[in-house]
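The structure under discussion appears below in the form of structure tokens.
Keep in mind that what you see is a predicted model, and the values were worked out from it rather than measured. One is the number of the first residue; the rest follow in order along the sequence.
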Amino acid sequence: MYPTVADVLVLPVVRHGRPRVVAGAAGLDARVRWVHVAEVADIGDLLKGGELVLTTGIALPDDPAALTKYVDGLAGAGVAGLVVELVRHWSHALPKALVEAAEHNGIPLITLSRETRYVTITETVNGLIVDAQVAELRAAEQVHQIFTELTVSGAEPAVVLGEVARLTEHPVVLETLSHEVLAYDAAGADPGELLSGWLARSRSVHVGERTAYHADAGWLLTVVGARGLDWGRLIVVSDEAPPHRHVVVIERAASALAVHRLVARDSDGLERQAHRAVLAELLATPTPSAEVLARASALGVPLRGQRLVGVAIRPRLTAAPQAAASAHAMLRELAETVSLTARRARVSALVATDDQHVRLLLSLSPKANVDAVLDRLAAGVHPACVLAAGTTVDSPTQARRSLVEADHVAAAALRSSTGQAVHRLEDVRLRGLLHLLAEDERVQAFAARELGPLLSRDAASGTRLVQALRHYCEQGGNKSAAAAAAHTSRTAYYQQLARIEQVLGVPLEDPESMLSLYVALLAHDLKP
């Protein structure tokens, strides 16, 4: 908002006086809050700081000690600079004591070799300052309007951060108080470079105020929270000290984010959303990009040099359509429970919910006991849920395979009655194989050929021959056990079996026929 001393020196009204910097050149970037003409030596106590002092020097002493005291007083007041006209008191050069004192205190000392109308300088510079202040107020008003609209509309964090990046033209990051990155907008910069080593960098940045600029890190930070509950930090990455309008932007954005979290209590938290986004990209891309790896690391889940295990957790009971919201809430609660269990076990993991299950990617040290970690996770899962694990891999490029495998195993294990805590591919056997081949059209074509006539008969006549066949196959061809499982008398059940043989034209007692029909039933179950 305020011009620097260097900015003032290039103004035509100042250049007319032929300005020359004779000391304190390192301080030319100091901001000028006001221009003040002063012809008295004891002016220091009357200043507030940030002034550019103009003097003809006519009332200044020649005594070196007095001149040093004069400059020390200006430095104590925090002036931006001192301009002396070489016309009335000193005509060729300033006293050595004055120059040395200015250099020692880092105060820019400028001489004007021509007589200059100081009133014109003050009018020009102070006019610029006032105009800048007015422009700053208008910009602040616009910022307030923008973020008020975002708050009222319930804008997602990504939209809020995008607006911050647009208004400041700098990268912006939203992190938890544990320094895990929830969302970011790189503002055109390289995301991988922005997030590289984020956890270590963020942990080293501490500020004592709610909003502050950390010069060493080049970060403008503000705390995010509401009702006395702080949960994150919003950071604008800026190598230079930010103008006041950027402070307004980041504080208004923090307010919008805090309100969004309060309003969106029934949706997944920002942490789950961030985890879901990374998992989605790992599943969508065979070879993860450097950005995805950096995002995972910034979430506290390093993927390089680790043992990676995909995990899927599914409730055994499918929620009715009217209970979909309740089912989703249960999955959210389950995800938070699993995440908390992982943290207590000091295990890094990406955890997110999907429509039907909770998905995890565990990131374990090379020496970790994978089975022990999975057992501990299973202990925190409700017994009505199935926990499945994919193959342990040691490269981010293989993470997708482990995640997909875990999904298939969980789906296949839903009908399992073994009661084991953790299911793997070898535990679900044929059912697991069919789930891996679920997207193969030939498998579904096989099921349609085997069961088609029976499905058509049930649909046309309202019979339950397919269910009767299922009981027969699940009981290994034992008719008496199958009738008991179907809660049907033996006579009625045997009649159903005879009708099945008639419709399909195959003998059920033939081992190959029963095997083919059972495989067809399992494949048919895979249809959505």
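Applying the 6.0 Å contact sphere to CG of Asn369 captures more than 12 heavy atoms from other residues, nucleotides or ligands. Few gaps surround CZ on Arg201; more than 12 heavy atoms of other groups in view lie less than 6.0 Å from it. Crowding of Glu169 atom CD: a count of heavy atoms from other residues, nucleotides or ligands under 6.0 Å not exceeding 12.
Salt-bridge formation is detected for the pair Arg295/Glu281: a Lys NZ or Arg NE/NH1/NH2 atom is positioned less than 4.0 Å from an Asp or Glu carboxylate oxygen. Between Arg210 and Asp230 there is a salt bridge, with a side-chain nitrogen of the basic residue lying less than 4.0 Å from a carboxylate oxygen of the acidic one. Salt bridge Asp407/Arg359: present, at least one basic N to carboxylate O contact under 4.0 Å. Salt-bridge check for Glu271 with Arg343: passed, with a basic side-chain N closer than 4.0 Å to an acidic carboxylate O. The existence of a salt bridge linking Arg376 and Asp371 is excluded, since no basic side-chain nitrogen approaches an acidic carboxylate oxygen closer than 4.0 Å.
Atoms OG and NE2, on Ser238 and His214 in that order, are 14.0 Å from each other to the nearest 0.5 Å. With rounding to the nearest 0.5 angstrom, the CG atom of Leu350 is 8.5 Å from the CG atom of Leu360. Here the CG atom belonging to Asp394 is positioned 11.0 Å from the OG atom belonging to Ser402, to the nearest 0.5 angstrom. Put simply, OG1 on Thr463 and CZ on Arg499 are 7.5 Å apart, with the number rounded to the nearest 0.5 Å. Expressed to the nearest 0.5 Å, how far CZ of Arg252 lies from CG of Leu257 amounts to 11.0 Å. In this structure, the separation between CG on Leu150 and CD on Glu163 is 6.0 Å, given to the nearest 0.5 Å.
Residues Tyr472 and Asn478 form no side-chain contact, since every pair of their non-hydrogen atoms from C-beta on lies 4.5 Å or further apart. Between Leu517 and Leu504, the closest side-chain pair of non-hydrogen atoms falls below 4.5 Å. At least one side-chain heavy atom of Leu174 sits under 4.5 Å from a side-chain heavy atom of Val224. Side chains of Pro171 and Val236 form no contact here, defined as non-hydrogen atoms less than 4.5 Å apart. At a threshold of 4.5 Å between non-hydrogen side-chain atoms, the residues Val292 and Thr285 do not count as touching. The closest side-chain heavy-atom distance from Arg470 to Tyr518 is not below 4.5 Å. A heavy-atom distance below 4.5 Å is found between the side chains of Leu362 and Leu374. Between Ser480 and Gln475 the shortest side-chain heavy-atom distance does not fall below 4.5 Å.
Ala406 approaches Ala389 most closely through the heavy-atom pair CB-C, 4.1 Å. When every heavy atom of Met514 is checked against every heavy atom of Leu508, the shortest pair comes out as CB-O, 3.8 Å. For Arg307 against Ala368, the heavy-atom pair with the smallest separation is NH1-O, 3.1 Å. Of all non-hydrogen atoms in Val338 and Ile313, the two that sit nearest each other are CG2-CD1, 3.7 Å. Residues Ala447 and His524 share a closest heavy-atom pair of CB-N, 4.1 Å. In terms of heavy atoms, Pro157 sits closest to Leu270 at CG-CD2, 3.0 Å.
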Ignoring hydrogens and angles, write down the donor-acceptor pairs under 3.5 Å from the side chains of residues 185-199, residues two or more places apart or on other chains.
unit_1: Asp185; atom_1: OD1; unit_2: Ala187; atom_2: N; d: 2.9
unit_1: Asp190; atom_1: OD1; unit_2: Gly192; atom_2: N; d: 3.1
unit_1: Trp198; atom_1: NE1; unit_2: Glu175; atom_2: OE1; d: 2.8

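Looking at Ser363 and Ser348, their side chains never bring a donor and an acceptor atom within 3.5 Å of each other. For the 3.5 Å distance criterion, the side chains of Glu251 and Thr211 qualify, holding a donor opposite an acceptor. Side-chain contact annotation: Thr391 with Glu405, donor-acceptor N/O pair under 3.5 Å present.
Under the 3.5 Å distance criterion, the side-chain polar atoms of Glu156 are left unmatched by any main-chain donor or acceptor of Ala158. The backbone N or O of Val247 sits nowhere less than 3.5 Å from a side-chain atom of Tyr213 that would complete a donor-acceptor pair. With His206 contributing its side chain and Arg203 its backbone, the two residues share a donor-acceptor pair below 3.5 Å. A donor-acceptor pair under 3.5 Å links the side-chain atoms of His275 to the main chain of Val351, judged by distance alone. At distances below 3.5 Å, at least one donor-acceptor pair connects side-chain atoms of Ser489 with backbone N or O atoms of Ala492. A donor-acceptor contact shorter than 3.5 Å links the side chain of Ser395 to the backbone of Thr397. Between the side chain of Arg276 and the backbone N or O of Thr353 there is at least one donor-acceptor pair closer than 3.5 Å. In terms of modelled atom types and a separation under 3.5 Å, the side chain of Ser153 and the main chain of Glu149 share a donor-acceptor contact. Distance alone, capped at 3.5 Å, is enough to place a donor-acceptor pair between the Arg233 side chain and the Ser202 backbone. In terms of modelled atom types and a separation under 3.5 Å, the side chain of Thr151 and the main chain of Phe147 share a donor-acceptor contact.
The cationic atom of Lys479 (NZ for Lys, CZ for Arg) does not lie both less than 6.0 Å from the six-membered ring centre of Tyr493 and within 45° of the ring axis.
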Item to complete: Show your working on side chain to side chain contact (heavy atoms under 4.5 Å, CB included) between Val237 and Tyr184 and close with a plain yes or no.
Response: CA-CA 11 Å; Val237 181; Tyr184 70 93; over 6 Å; no
Item to complete: Starting from the C-alpha separation in whole Å, work towards a yes-or-no answer on side chain to side chain contact (heavy atoms under 4.5 Å, CB included) for Leu334 and His357.
Response: CA-CA 9 Å; Leu334 177 60; His357 64 282; over 6 Å; no
Discussion item. Please determine whether side chain to side chain contact (heavy atoms under 4.5 Å, CB included) holds for the pair Leu331 and Asp354, giving the CA-CA distance in whole Å, both sets of side-chain angles, and the decisive distance to 0.1 Å.
Written reply: CA-CA 8 Å; Leu331 286 175; Asp354 205 337; over 6 Å; no
Worksheet item: Going through the distances and angles, do Leu308 and Leu364 end up as a side chain to side chain contact (heavy atoms under 4.5 Å, CB included)?
Response: CA-CA 6 Å; Leu308 307 177; Leu364 309 175; over 6 Å; no
Discussion item. Does Glu336 form a salt bridge (charged side-chain N to carboxylate O under 4.0 Å, His left out) with Arg272? I'd like the steps, not just the answer.
Written reply: CA-CA 9 Å; Glu336 295 303 328; Arg272 294 285 77 78; 3.1 Å; yes
